[in-house]
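What follows is one structure encoded as structure tokens, with my remarks underneath.
We count ligands from 1, going down the list as the structure has it; atoms in each ligand are counted the same way.
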Amino acid sequence: MPLPKRCPLCYSDYYLQDVVTSHVFGNQPGRGNAFFRCKSCDVIYQYPGLSKQEEEKFYSAEFENFMDARSGKSGGWLNSENHVLANEKTRLRRMKYLEKYLDSSKEILEIGCSSGFMLYPLIEEGHNCIGIEPSGIFSQFLERNKVISFESLNDFRKNYKSIKFDLIMHFFVLEHIDQPLLFLQQQLSLLNPGGKIIFEIPNVADPLYCIYDIPEFERFYWSIAHPWYFSKHSLIYLLEQLVSIDYEIVLDQRYDLSNHLIWARDGKPGGMGKFTEHFGIEMENLYREQLKKIEKCDTLVGIIRKLE
Ligand SMILES: [Zn+2]
């Protein structure tokens, strides 16, 4: 197994880098990559990472199929309209913390907008929304539904040289990006003063991993699609590298108690809401709140404000 010479985020030395696992979900046999954790900044990263060629191949052709296999039928990655419907609960969960920033957000950019499910209600409310979406299936759907979208940020820049945004958002994108600091810096340059970047990423302190320690989940969790896994600690390290901003990290729990019971029973994903009718929505909410309170929950929300 090739070993990293230093941490790719904080550049700490090789002796501070520990192997987390060599089981990488979606790996080709014989690639020899693994996940390592840096004892200094706490980030977990894949080493060696995907080459540019492997990355392009992965994203252009394999991403939706890969995600469909991971999310089960309910995710609806292969059918854009189903994707919008299947993600309505996700949209409402996000709106709980997004709402308060929308009054001052006229110009909105979503990077990785997929089917556009976050954007349609915002467009209806009068926001100007632009999406970035590399997937061919989704971009055709976006065009049909009159969402201006581009394949990449570079592509967008070529077409819109002077536009600045009040809100840039991305959900489960940052952990896929080779150079996350550069990625956030580029977004800051596209923001109006006082503008926000709001994003979600997986929290490595996922209860299925760090409380229940379900072996099948462990095999599934460390994915070839992710160069990085952040904790609250390592996300703070990353955000501290940005200048002229302030930031806040909010904890959230996406998956419910039913999903966790299915993981424990069947060792596979799925089951969202399956048992809710038996133990009630209050129990689901209490369970989520408790996981957030003890900071063992599956999602980190970063809120960055560009200083005026
Ligand atoms: Zn480090």
Side-chain angles (χ1 to χ4, degrees), residues 1-27 31-52 54-55 58 111-112 170-189 197-211 213 217-252 292 294-306:
M1 177 194 301
L3 299 175
K5 292 192 174 64
R6 60 187 67 81
C7 168
L9 185 65
C10 76
Y11 304 109
S12 289
D13 243 319
Y14 68 93
Y15 59 85
L16 292 168
Q17 313 306 314
D18 279 345
V19 180
V20 175
T21 181
S22 57
H23 293 282
V24 180
F25 184 91
N27 215 0
R31 272 196 82 237
N33 51 345
F35 281 98
F36 293 82
R37 178 178 164 269
C38 173
K39 282 190 215 167
S40 177
C41 72
D42 201 41
V43 80
I44 293 178
Y45 56 94
Q46 194 182 151
Y47 183 86
L50 292 179
S51 70
K52 274 275 158 282
E54 284 172 317
E55 201 178 298
F58 181 78
I111 302 172
H170 41 90
F171 304 101
F172 301 98
V173 172
L174 189 82
E175 71 276 16
H176 295 274
I177 302 291
D178 205 27
Q179 294 181 279
L181 183 59
L182 185 65
F183 182 64
L184 292 173
Q185 284 165 336
Q186 283 172 342
Q187 288 157 49
L188 281 173
S189 74
I197 302 170
I198 300 182
F199 62 93
E200 284 183 352
I201 52 174
N203 181 12
V204 82
D206 191 306
L208 291 169
Y209 171 57
C210 73
I211 301 179
D213 196 13
F217 180 75
E218 217 244 323
R219 293 282 191 271
F220 167 90
Y221 188 62
W222 306 105
S223 160
I224 192 161
H226 296 171
W228 309 95
Y229 285 85
F230 289 93
S231 61
K232 187 177 169 187
H233 185 89
S234 55
L235 182 58
I236 288 172
Y237 179 87
L238 175 70
L239 299 185
E240 288 286 337
Q241 311 305 306
L242 296 167
V243 291
S244 303
I245 61 138
D246 53 33
Y247 67 86
E248 183 189 348
I249 294 172
V250 175
L251 297 164
D252 208 357
K292 288 195 272 187
I294 60 170
E295 302 204 343
K296 289 183 174 168
C297 53
D298 59 17
T299 304
L300 295 168
V301 183
I303 301 170
I304 302 172
R305 189 173 69 94
K306 182 174 178 171

**OP:** Return yes if some donor-acceptor pair links the side-chain N/O of K5 with the main-chain N/O of Y14 below 3.5 Å, else return no.
**Re:** no

**OP:** Report the residue from L300, V301, L174 that forms a side-chain contact (heavy atoms from CB on, under 4.5 Å) with F199.
**Re:** L174

**OP:** Please indicate how many protein N/O/S atoms are found closer than 2.8 Å to the Zn ion (ligand 1), with waters neither displayed nor included.
**Re:** 4

Do any side-chain atoms of residues 200-210 form donor-acceptor pairs under 3.5 angstrom with protein atoms, and if so which ones, sequence neighbours left out?
from : atom 1 : to   : atom 2 : distance (Å)
E200 : OE1    : R93  : NH2    : 3.2
E200 : OE1    : R94  : NE     : 3.1
E200 : OE1    : R94  : NH2    : 3.4
E200 : OE2    : R93  : NH1    : 2.9
E200 : OE2    : R93  : NH2    : 3.4
E200 : OE2    : Y97  : OH     : 2.6
N203 : OD1    : A205 : N      : 3.2
N203 : ND2    : C297 : O      : 2.9
D206 : OD1    : L208 : N      : 2.9

Original post:
Should the pair W228 and Y45 be assigned to parallel (<30°), tilted (30 to 60°) or perpendicular (>60°) ring geometry?
Top reply: tilted

Subject >> SB check D246 R305 (cutoff 4.0 Å) >> reply: yes

Subject >> Y247 side chain to E240 side chain, donor-acceptor N/O pair below 3.5 angstrom >> reply: yes

